[in-house]
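A quick write-up on the structure given underneath.
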There are 2 protein chains.
Amino acid sequence: MRTELPVVGEPRLGLPAPDVVDATAAAGMLADRTRAGILRMLAEGPHCVCEMAAALGERDNNVSNHLAKLRDAGLVHAVRHEANARFLYYERDEAAVAAARAALMDVLR
Amino acid sequence: MRTELPVVGEPRLGLPAPDVVDATAAAGMLADRTRAGILRMLAEGPHCVCEMAAALGERDNNVSNHLAKLRDAGLVHAVRHEANARFLYYERDEAAVAAARAALMDVLR
DNA sequence: CAAACACTTCAGCGGATCGTGTGATGTTCA
DNA sequence: TGAACATCACACGATCCGCTGAAGTGTTTG
């Protein structure tokens, strides 16, 4: 099954430019091994920085740097552990994740 | 509605590293405005290079460069127009696109 | 055939990005 | 209080990546 090519001999100019700003922003977040690993781990539930750094084989400050980018993008936010306030537990913002998912799916529709 | 934090005071070390290689590869392709625009346009049907370059406001050779990357990734392939063989029409590889979609959704599950 | 067209390839340049190192903040514990 | 811990913020160096320009292949047209 092959899609049919346009029969016109002339290319169609003036086609509208697709809007992909949200998709490229979301993809930019996922395009890094560490950030993708973070988001994948947070899909299971909250994690603190040292947990994720250990699992990903990265240094704490590096993971922290990437978390800052994810935070600025609104994809995650941090919560202090009530019993052990020295641990910052990160969790995903499900609304933002859903929006990113939708933007990506729109391009790969 | 807030996910509950782990009650343990100690972080869980030794968690498994998530596999995100396919997702980062797919995201890397989508993380560029031009490539995302190409894939979005090809979702509607085949297009030749000049059509996409015009719609995206990019030079032909730039679009061609990005198409080469998408080709190497297996996401698109080119077909010569039967009536006008000087036009190369690109179409998406739906199987590869579905795989990319699945890899991305696994991270943002 | 020659010229115009559609597209590709590649080197090179400039800017973005990643990992690291370092210093600072806040928390727990002895 | 002081030491160890968890995390952050920032700057630096190296690498990566996208855009451009120029040269080359194949196709159509006059």
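These figures come from a predicted structure and were not determined experimentally. Labels below follow one simple rule: chain letters A, B, ... track the order of the sequence lines, proteins then strands, and each chain is numbered from 1.
Contact between A/Pro18 and B/Gly37 at its shortest, heavy atoms only, is CG-O, 3.6 Å.
The base of D/dG18 has none of its N or O atoms less than 3.5 Å from a complementary donor or acceptor on the side chain of B/Asn62. Not a single donor-acceptor contact under 3.5 angstrom links the side-chain atoms of B/Asp60 to the base of C/dT8.
With hydrogens and angles disregarded, a donor-acceptor distance shorter than 3.5 Å links the side chain of B/Glu51 to the backbone of A/Arg12. Checking side-chain atoms of A/Asp32 against main-chain N and O of A/Thr34 turns up a donor-acceptor pair under 3.5 Å. At distances below 3.5 Å, at least one donor-acceptor pair connects side-chain atoms of B/Asp93 with backbone N or O atoms of B/Ala96.
Residue B/Asn65 places its side chain closer to C/dT9 than to any other of D/dC19, C/dT9, C/dT28. For A/Cys48, the listed nucleotide lying nearest its side chain is D/dT7; candidates were D/dT7, D/dT27, D/dA6. Counting only heavy atoms from C-beta on, A/Glu58 has its side chain closest to C/dT20 among D/dT28, C/dT20, D/dT7. Of the listed nucleotides (C/dT20, C/dT28, D/dT7), C/dT20 has the atom at the smallest distance from the side chain of A/Arg59. Here D/dC8 is the nucleotide among C/dT9, D/dT28, D/dC8 with the atom lying nearest to any side-chain atom of A/Val49.
For the pair B/Met29 CE and D/dC17 C1', the interatomic distance rounds to 11 Å; values are reported in whole Å. Atom-to-atom, CG of B/Asp72 to C1' of C/dT9 comes out at 12 Å; the value is rounded to the nearest Å. The CD1 atom of B/Ile38 sits 13 Å away from the C1' atom of C/dC7 (whole-angstrom rounding). Protein atom CG of B/Leu70 is 15 Å distant from nucleotide atom C1' of C/dT8, rounded to whole Å. Atom CZ in A/Phe87 sits about 7 Å away from atom P in D/dT7, given to the nearest Å. Between the CZ atom of B/Arg86 and the C1' atom of C/dC7 there is a distance of 11 Å, rounded to whole Å. Between A/Asn84 atom CG and D/dC5 atom P there is a gap of 14 Å when expressed in whole angstrom units. Look at CD on B/Glu82: it is 16 Å from C1' on D/dT28, rounded to the nearest Å.
Within 4.0 Å of A/Arg71, counting heavy atoms only, lie sugar-phosphate atoms of the nucleic acid but no base atom. Using a 4.0 Å heavy-atom cutoff across all strands shown, B/Arg35 reaches sugar-phosphate atoms only and no base atom. Across all strands shown, B/Asp32 has heavy atoms under 4.0 Å from sugar-phosphate atoms exclusively, and none from any base.
Place B/Ala78 and A/Ala85 on DNA chain C by their nearest nucleotides, and B/Ala78 ends up nearer the 5' end. Between B/Lys69 and B/Asn61, the residue whose closest nucleotide on DNA chain D is further toward the 5' end is B/Lys69.
OP1 and OP2 of C/dA6 both lie 4.0 Å or more from every side-chain N or O belonging to B/His81. Between A/Tyr90 and D/dC8 there is a side-chain N or O to OP1 or OP2 distance below 4.0 Å. Checking the phosphate oxygens (OP1, OP2) of C/dG19, a side-chain nitrogen or oxygen of A/His66 falls inside 4.0 Å.
A salt bridge links A/Asp106 with A/Arg109: the distance from a Lys NZ or Arg NE/NH1/NH2 to an Asp or Glu carboxylate oxygen falls below 4.0 Å.
Rounded to the nearest 0.5 Å, atoms CD1 (A/Ile38) and NE2 (A/His47) are 11.0 Å apart.
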